[in-house]
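As the structure lists them, so they are numbered: ligands from 1, and atoms in each ligand from 1.
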Amino acid sequence: MRKPILIANWKMNGSLHANQALLVRMLAKLRPFRKTIDMVICPPFPYLFQVRDLLGYTGLSLGSQNASSAVSGAHTGEVSATMLQEMGCRYVLVGHSERRSLYQESNANVAARHKQVLATDMTPVLCVGETLEEREQGQTMTVIERQLQAVIDASGLEGLSSSIIAYEPVWAIGTGKTATPEQVYEIHRAIREFLDTRQAGTGQSVSVVYGGSVKSGNAAELFQSPEVDGGLIGGASLQADEFALITAALADTVAEAGSLCGMLD
Ligand code: 13P
């Protein structure tokens, strides 16, 4: 059974003061959802320690926005997966589109980072998605399959299926443009079908979340489909009220699905 999950990606935002204020407000609002939804906060590296302490025993998990492809040594500016684990991280984003486009992380490089995370007890959150140009050329699934295959090549299907997959269409990130629920459904299904072509049954075992301009106003419709296991939230995760409303929307869809199952039993 896949548990719904919401991941807050703070990107390069925050300060000691702002993080404290945001989390104090957020944690109070998120308390009612702790049992039904896994919640993860991914702050910038320097704040991992602070956020770990603030999360304490709230049940929320700490995540990192990236991890090095190397184990240790002469890699100035990089942070290894084992260091992140030592800091208390339980999840690590890999292959975020901003890393792929602004910092030239190739599919092979992302797969190498993913492999380092897998070597720990942490869960990699593999981000995949197409640019607007690729979508318009009908290349969406070709691009995503290449991104998924690179991880299979490096770590096997088992490595990929031990991850969470985040579908983040590049054109919807930070643009205010959201994919329609139909587009999200279609791609999440296609990702599961791709996994099933490698080994039947794998598709339904993997959590696939959506990211890209998720807000309180569109969360309910985006999370409605059973193909969507939650969200990877950027801008809206920097506002306690917004993030709490998004969480409530996900909790509502879970409750609705639960009562539908009850009716069918
Ligand atoms: P926004 O929610 O700001 O569009 O960012 C999405 C994202 O990139 C999360 O990783």
Side-chain angles (χ1 to χ4, degrees), residues 4-14 18-19 22 26 30 37-45 47-48 51 60-67 84 89-105 110 113-114 117 122-132 134-135 140 143-144 147-148 163-181 183-184 187-188 191 207-223 228-250:
I5 183 163
L6 271 186
I7 306 167
N9 176 10
W10 286 1
K11 308 193 179 184
M12 199 172 73
N13 292 292
N19 302 345
L22 174 62
M26 202 183 255
L30 296 180
I37 299 175
D38 282 337
M39 292 175 272
V40 185
I41 309 285
C42 302
F45 291 133
Y47 301 126
L48 285 172
V51 172
L60 273 77
S61 302
L62 185 65
S64 163
Q65 296 177 17
N66 205 353
L84 295 167
C89 290
R90 294 195 49 212
Y91 296 86
V92 181
L93 307 183
V94 284
H96 191 280
S97 74
E98 286 149 19
R99 300 298 316 173
R100 293 178 188 267
S101 66
L102 301 174
Y103 300 97
Q104 289 76 46
E105 290 185 11
V110 168
R113 292 171 189 271
H114 177 277
V117 179
M122 301 182 294
T123 303
V125 180
L126 176 70
C127 306
V128 298
E130 80 288 5
T131 62
L132 185 58
E134 288 161 345
R135 172 163 283 268
T140 301
V143 169
I144 293 175
Q147 293 169 335
L148 297 173
S163 318
I164 291 172
I165 296 173
Y167 170 51
E168 294 209 302
V170 179
W171 47 273
I173 295 178
T175 57
K177 258 193 210 169
T178 320
T180 63
Q183 286 170 325
V184 175
I187 301 303
H188 282 219
I191 290 173
S207 287
V208 186
V209 301
Y210 170 77
S213 297
V214 179
K215 302 182 207 65
S216 59
N218 59 23
E221 58 172 23
L222 287 166
F223 296 150
V228 181
D229 296 306
L232 176 52
I233 320 295
S237 73
L238 297 167
Q239 297 165 44
D241 295 356
E242 267 294 288
F243 193 69
L245 286 168
I246 292 169
T247 312
L250 181 59

What are the atoms of ligand 1, with element, lying closer than 4.0 Å to any heavy atom of [X]?
X	result
His96	7 (C), 8 (O), 9 (C), 10 (O)
Leu232	9 (C), 10 (O)
Gly212	4 (O), 6 (C)
Glu168	6 (C), 7 (C), 8 (O), 9 (C), 10 (O)
Ala172	4 (O)

Where does the angle between the aromatic ring planes of Tyr167 and His188 fall among parallel (under 30°), tilted (30 to 60°) and perpendicular (over 60°)? perpendicular
Got a second to check how far Tyr91's OH is from Leu232's CG, nearest 0.5 Å? 13.0 Å
Could you tell me whether the side chains of His96 and Glu168 share a donor-acceptor contact shorter than 3.5 Å? yes
So which heavy atom on Pro169 is nearest to which on Gly211, and how close? CD-O, 3.4 Å
Closest heavy-atom pair and its distance - Ser61, Arg90: OG-NH1, 3.4 Å
Contact with ligand 1 for Lys215, non-hydrogen, under 4.0 angstrom: no
Looking only at heavy atoms of Ser213, does any of them come nearer than 4.0 Å to an atom of ligand 1? yes
Candidates Pro169, Cys127, Gly234, Gly174; heavy atom nearest atom 4 (O) of ligand 1 found on Gly174
At under 4.0 Å between heavy atoms, is it the side chain or the backbone of Asn9 that contacts ligand 1, or both, or neither? side chain
Looking only at protein heavy atoms, identify the closest one to atom 3 (O) of ligand 1 and say how far it is in Å. Gly235 N, 2.8 Å
Any idea which protein heavy atom is nearest atom 5 (O) of ligand 1, and the distance to it? Lys11 NZ, 3.2 Å
Looking at Arg135, I want to see if its CZ is surrounded by more than 12 non-hydrogen atoms of other residues, nucleotides or ligands under 6.0 Å. yes
Are side-chain heavy atoms of Trp10 and Val51 found at a separation under 4.5 Å? yes
Between Ile187 and Tyr210, does the side-chain contact (heavy atoms from CB on, under 4.5 Å) criterion hold? Intermediate values first, please. CA-CA 10 Å; Ile187 301 303; Tyr210 170 77; over 6 Å; no
